[in-house]
Amino acid sequence: MKDFLTIIQSVLEEQNKSTKILFEDGVISKNTFYKYKQQNPNLKTLIKLADYLKVSIDYMYELSDENKYRKYSDNQTDFYNKLITLINSAGISQRKFCKDLHYAKNNISRYKNGVIPNIQTLLETAEYFGCTIDDLLTKED
């Protein structure tokens, strides 16, 4: 998988923009942006960038060739319900899901209490269930 900076630079290039516009428009600071060379941003920052660039996260991460962008909700606390629905639909236990992905069993409880997953968890969960990241996130109506 490409590093996050390469992903964003690719999206900007498609839109005939440079990273400079992100800094000038106050979307993200230059220092914060370049720290993502080694890691993914948190979900809040990722959503802020996706909404600013008007691209779906699936498109951004090249999980889809189509940009099916719809504005993301600022409130992503519905992840738990979506995850439980996927687990139940797959006919597996929460314990099996956690075991298969090498997650601590208490992660699901944390999601139930409103903790938002990181992008790596979203990527792994989407791959596990054969769905998209956007299927796991809440969009505005």
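- Open room surrounds CG on Asp65; 12 or fewer heavy atoms of other groups in view lie less than 6.0 Å from it.
- When all heavy atoms of Lys20 and Glu24 are compared, the closest pair comes out as CE-OE2, 2.7 Å.
- Under the side-chain contact (heavy atoms from CB on, under 4.5 Å) criterion, Asn16 pairs with no residue, sequence neighbours left out.
- Of all heavy-atom pairs spanning Phe79 and Leu136, the tightest one is CD1-O, 3.7 Å.
- Side-chain contact of Gln9 with Glu13: a donor-acceptor pair under 3.5 Å is absent, judged by distance alone.
- Using a 4.5 Å heavy-atom cutoff, the side chains of Tyr36 and Asp3 are not in contact.
- A donor atom on one side chain and an acceptor atom on the other are not found under 3.5 Å apart for Tyr80 and Asn113.
- Across all non-hydrogen atoms, the minimal contact from Asp135 to Lys82 is O-CD, 3.5 Å.
- Using modelled atom types and a 3.5 Å distance limit, the side chains of Ser109 and Asn106 yield no donor-acceptor pair.
- Interatomic distance, CG of Asn31 versus CZ of Phe23, reported as 9.0 Å (0.5 Å rounding).
- The environment of Arg70 atom CZ is dense: over 12 non-hydrogen atoms of other residues, nucleotides or ligands sit within 6.0 angstrom.
- Here the closest non-hydrogen pair linking Ala104 and Cys98 is O-SG, 3.8 Å.
- Put simply, the side chain of Tyr72 gets close to the backbone of Ile57: a donor and an acceptor are under 3.5 Å apart.
- Counting non-hydrogen atoms of other residues, nucleotides and ligands closer than 6.0 Å to CD of Gln38 gives a total of 12 or fewer.
- Within a 6.0 Å radius of NZ in Lys139, other residues, nucleotides and ligands contribute more than 12 heavy atoms.
- Rounded to the nearest 0.5 angstrom, Ser89 OG and Leu86 CG are separated by 6.5 Å.
- Distance CG/Asn40 to CD1/Ile7: 7.0 Å, rounded to 0.5 Å.
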List the steps and the verdict of side chain to side chain contact (heavy atoms under 4.5 Å, CB included) for Leu22 and Ile8. CA-CA 10 Å; Leu22 296 175; Ile8 292 298; 3.9 Å; yes

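- Nearest heavy atoms, Ile47 versus Ser73: CD1-O, 4.2 Å.
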Working for side chain to side chain contact (heavy atoms under 4.5 Å, CB included), residues Leu46 and Tyr61: CA-CA 11 Å; Leu46 183 62; Tyr61 275 85; 3.9 Å; yes

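- Gln94 and Ile108 make their closest contact through OE1-CG2, 3.4 Å (heavy atoms, listed as atom of the first residue, atom of the second, distance).
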Working for side chain to side chain contact (heavy atoms under 4.5 Å, CB included), residues Thr125 and Tyr103: CA-CA 11 Å; Thr125 301; Tyr103 294 157; 4.2 Å; yes

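- The closest donor-acceptor contact from the side chain of Asp25 to the backbone of Val27 lies at 3.5 Å or more, if one exists at all.
- By the 30° and 60° cut-offs, the orientation of the rings of Phe97 relative to Tyr128 is perpendicular.
- The side-chain contact (heavy atoms from CB on, under 4.5 Å) test applied to Lys17 returns Leu12, Gln15, Ile21, not counting sequence neighbours.
- Taking CZ from Arg95 and CG from Asp100, the interatomic distance works out to 12.5 Å, rounded to the nearest 0.5 Å.
- Residue-environment remark: CD (Glu140) exceeds the threshold of 12 foreign heavy atoms within 6.0 Å.
- A 4.5 Å side-chain heavy-atom check between Ile28 and Thr45 finds at least one atom pair inside the cut-off.
- For Glu127, the CD atom sits in a loose shell: 12 or fewer heavy atoms of surrounding residues, nucleotides or ligands are nearer than 6.0 Å.
- Around atom NZ of Lys68, no more than 12 heavy atoms belonging to other residues, nucleotides or ligands sit under 6.0 Å away.
- Formation of a donor-acceptor pair under 3.5 Å by the Asp58 side chain with backbone atoms of Ser64 is not found in this model.
- In this structure, CG in Leu137 is found 4.5 Å from CD in Gln76, a value given to the nearest 0.5 Å.
- Between Tyr69 and Tyr59, the gap from one ring centroid to the other reaches at least 6.0 Å.
- For the pair Asn67 (side chain) and Ser56 (backbone), a donor-acceptor distance under 3.5 Å is present.
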Mind running side chain to side chain contact (heavy atoms under 4.5 Å, CB included) on Thr121 and Tyr111 for me, showing each step along the way? CA-CA 12 Å; Thr121 298; Tyr111 301 143; 3.3 Å; yes

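- If you take CG on Leu63 and CD1 on Ile133, they are separated by 5.0 Å, rounding to the nearest 0.5 Å.
- A donor-acceptor pair is defined here as one N or O able to donate and one able to accept, closer than 3.5 Å; such a pair exists between the side chain of Thr85 and the backbone of Asn81.
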